[in-house]
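Here the structure is laid out as structure tokens; the discussion comes afterwards.
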Protein chains: 2
Amino acid sequence: MRDVPTASPPVVVDAMGGDHGPAEIVRGAVQARREHGVPVVLAGRAGVVRAELARLGAVGEIDVAHADDVVPMTERGAGAIRMARSSLAVGLGLVRDGAGAAFVSAGSTGAVAACAVDRLGTAPDILRPALAVALPTTAGGATVLIDAGATVDPTPEMLAQFALLGASYARLVLGVADPRVGLLSIGAEPGKGNRLTRRAEALLRDLPLRFHGPVEGGDVLTGVADVIVTDGFTGNVVLKNVEGTVRATLALLATEVGSSGVGDGAGTRDAAGAEALRRVAGRYDPETHGGAALLGLTGTVVVAHGSSRARTIARACVVAHDLARGEVVARLGDRPAVRPAR
Amino acid sequence: MRDVPTASPPVVVDAMGGDHGPAEIVRGAVQARREHGVPVVLAGRAGVVRAELARLGAVGEIDVAHADDVVPMTERGAGAIRMARSSLAVGLGLVRDGAGAAFVSAGSTGAVAACAVDRLGTAPDILRPALAVALPTTAGGATVLIDAGATVDPTPEMLAQFALLGASYARLVLGVADPRVGLLSIGAEPGKGNRLTRRAEALLRDLPLRFHGPVEGGDVLTGVADVIVTDGFTGNVVLKNVEGTVRATLALLATEVGSSGVGDGAGTRDAAGAEALRRVAGRYDPETHGGAALLGLTGTVVVAHGSSRARTIARACVVAHDLARGEVVARLGDRPAVRPAR
């Protein structure tokens, strides 16, 4: 067992969310502590969680915060807020009260985000939270789409903060030293865009970040920018449009391949083709695009995908721990840690 | 030759736009007149256009409006407006002066739309124009996305008009008797969406059309609605995101198939697979998604794709002629031609 730093508050893990919880979630939390040195607390039904800890010989090693209820995976928002004794409510309560630095859940993204915004206020200097999602690109890396749905009617100033939050996310989580930030718009010519993006563009040019300029809807998956900033309405539409268009393309392709006779009787090769289709589909599935981070609240919230196994949960704890060290927020203060690249 | 009705003003065709103009464009215009009975006028360099007409034995059958200049296909907007003697300017001038009922061009969508908005005012009762694009769906039909980029900051009242324009387009062009109209948003639950969509949703419920309710970014290609209404900013981002995501999916798939060995040495089958990939890509290519109609101006404008051959140009003339008969606008008056379906 590695030495676990005790100075920083622990990451609170929702033991009950996800398709494979609590067994895989508890295993992931134990991995996060033992292998990565991340302090963790588990929120959920104490009896169930302790039984899982016992199976791993980890009773006494990780604290448990008891919660009576479990928010169902089908719950997308407001309903979750009303469940005051759920593992979401108890876990986020710990973060709100300073007993936790960040929250990790494999529950429904909508439910987790709604509860998090409801129970945690915004961080100092931050006007509104933003949801960051890392989408794989054809260039081989990932692009952070922010905001993917937390703040639907932001001001230009909020978009500028989303840009800084997204750049910090790209540095801390994707390891990009000096991320290029694009503003989602409808053309690069002067005067293109809507009222919001035209005003935001002027602000972005003055920020301590590497502003790439406007990007378009066709640039989301090309890797032309490491971070793409947009309002939460457009971002959510784009995220779901990416997922839907990948599904539609693969469906149309299956039809075309079928009608041209490519699928006739070649077992091994067809199985490999079908497996390739599944892998591409899986990369952009709403439950498997790597999770989403709700940034800008008092305490970071990371939503791992519902089908997460232990290793993914452990990774989410590391991401949450890194994000919670105050670095994302610090760069929004008066003394930016990164100088303008221009 | 069929009897050509002379009562309605002709459709003005930009003879110079497109990758295969003027030969294919002139051939399409002649087809529109001879095979579909659509009255047409050709705008472009008179000598070139008359030579093409002579080749088809159609001199004297179709009028030519001379224009000195040609807007290049690379021009996306404002630059085209300043070319006062282009075939775009001359053709749109005829429509503006009442000598033409509609305008068809295979030029750059951005350039055509910018010139059209600049030179034609809005139709009676219409607040702002909207660009309608028909996207093929996995259900086998098409969904009209409106507005795909003409009006980036609409009011809720404008969105309501776009819904009526889009429904008329679906009836006239797609032949859907009672189109289902969806409002692009980020969830169907009450209170979801942004300020614009929440106010527009209330208006849409009172309109004489079959309102399906809110739809999401993942519904654009499923055929869940015949018309999807959105503001021109979101619509343009979505249109380009569909095109980009189709390209990215096929690129990722090619990589996956290659790495799993599916592509190794089976000529016929691989050629068929590559052909299937090309067909799917072609359906969502910006230049081949069936063209876009700029609705709500005095005179309809149809932008055919740049690679259009004669048959597609003829079809665009028929669409423009149908749309220009006043039916799209008529339904926005005090006595709607279609009663609520609910």
Side-chain angles (χ1 to χ4, degrees), chain A residues 76-78 110 136-138 149 152-153 184-187 189 191-195 197 216-222 230-234 236-253 255-257 259-262 266 269 272-273 275-277 279-280 283-284 286, chain B residues 76-78 110 136-138 149 152-153 184-187 189 191-197 216-222 230-234 236-253 256-257 259-262 266 269 272-273 275-277 279-280 283-284 286:
Chain A
R76 290 182 67 183
T137 71
T138 50
V152 294
D153 282 305
L184 189 58
S185 189
I186 60 170
E189 302 86 353
K192 283 278 187 178
N194 60 10
R195 275 193 296 268
T197 60
E216 299 189 61
D219 298 323
V220 173
L221 304 182
T222 60
T230 187
D231 65 274
F233 181 87
T234 308
N236 190 270
V237 167
V238 164
L239 177 63
K240 290 174 181 164
N241 191 56
V242 165
E243 295 159 1
T245 302
V246 170
R247 279 195 305 273
T249 305
L250 298 178
L252 287 168
L253 193 66
T255 309
E256 290 281 357
V257 169
S259 69
S260 64
V262 180
R269 294 169 57 81
E275 175 56 28
L277 284 173
R279 275 200 303 274
V280 172
R283 291 184 78 175
Y284 292 101
Chain B
R76 290 181 65 184
T137 71
T138 50
V152 293
D153 282 306
L184 190 58
S185 187
I186 61 169
E189 302 87 351
K192 283 277 187 176
N194 60 10
R195 274 193 297 269
L196 176 65
T197 61
E216 299 188 62
D219 298 323
V220 173
L221 304 182
T222 61
T230 187
D231 65 274
F233 181 87
T234 308
N236 190 269
V237 167
V238 164
L239 177 63
K240 290 173 181 164
N241 191 56
V242 164
E243 297 159 0
T245 303
V246 170
R247 279 195 305 273
T249 305
L250 298 177
L252 288 168
L253 193 66
E256 290 282 357
V257 169
S259 69
S260 63
V262 180
R269 296 169 57 80
E275 175 56 27
L277 284 173
R279 275 201 301 275
V280 173
R283 292 184 76 174
Y284 293 100

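Within every chain, numbering begins at 1; the chains are lettered A, B, ... in the order of the sequence lines, protein sequences first and strands thereafter.
No other option in V152(A), N236(A), D153(A) has as many heavy-atom pairs under 4.5 Å with chain B as D153(A). For the set T222(A), T138(A), T230(A), the entry with the most heavy-atom pairs within less than 4.5 Å of chain B is T138(A). Taking G149(B), G244(B), G110(B), G217(B) one by one and counting their heavy-atom pairs under 4.5 Å with chain A, the maximum is reached by G217(B). Across T197(A), L184(A), V220(A), T137(A), the residue that shares the most heavy-atom pairs under 4.5 angstrom with chain B is L184(A).
The side-chain heavy atoms of T245(A) and T249(B), taken from C-beta on, include no pair separated by under 4.5 Å.
Listed by chain and number, the residues in a side-chain hydrogen bond (donor to acceptor under 3.5 Å, both in side chains) with T234(A) are D231(A) (sequence neighbours excluded). In this structure K240(B) satisfies the salt bridge (Lys or Arg N to Asp or Glu O under 4.0 Å) test together with E216(A), sequence neighbours excluded.
In this structure, L250(B) CG and L252(A) CG are separated by 9.5 Å, a value rounded to the nearest 0.5 Å. With rounding to the nearest 0.5 angstrom, the CG atom of L196(B) is 7.5 Å from the CZ atom of F233(A).
Looking at A248(A), the atoms closer than 4.5 Å to chain B (heavy atoms on both sides) sit in the backbone and in the side chain alike.
A side chain to side chain contact (heavy atoms under 4.5 Å, CB included) with N241(A) is found for one member of V237(B), N241(B), D219(B) and no other, namely N241(B).
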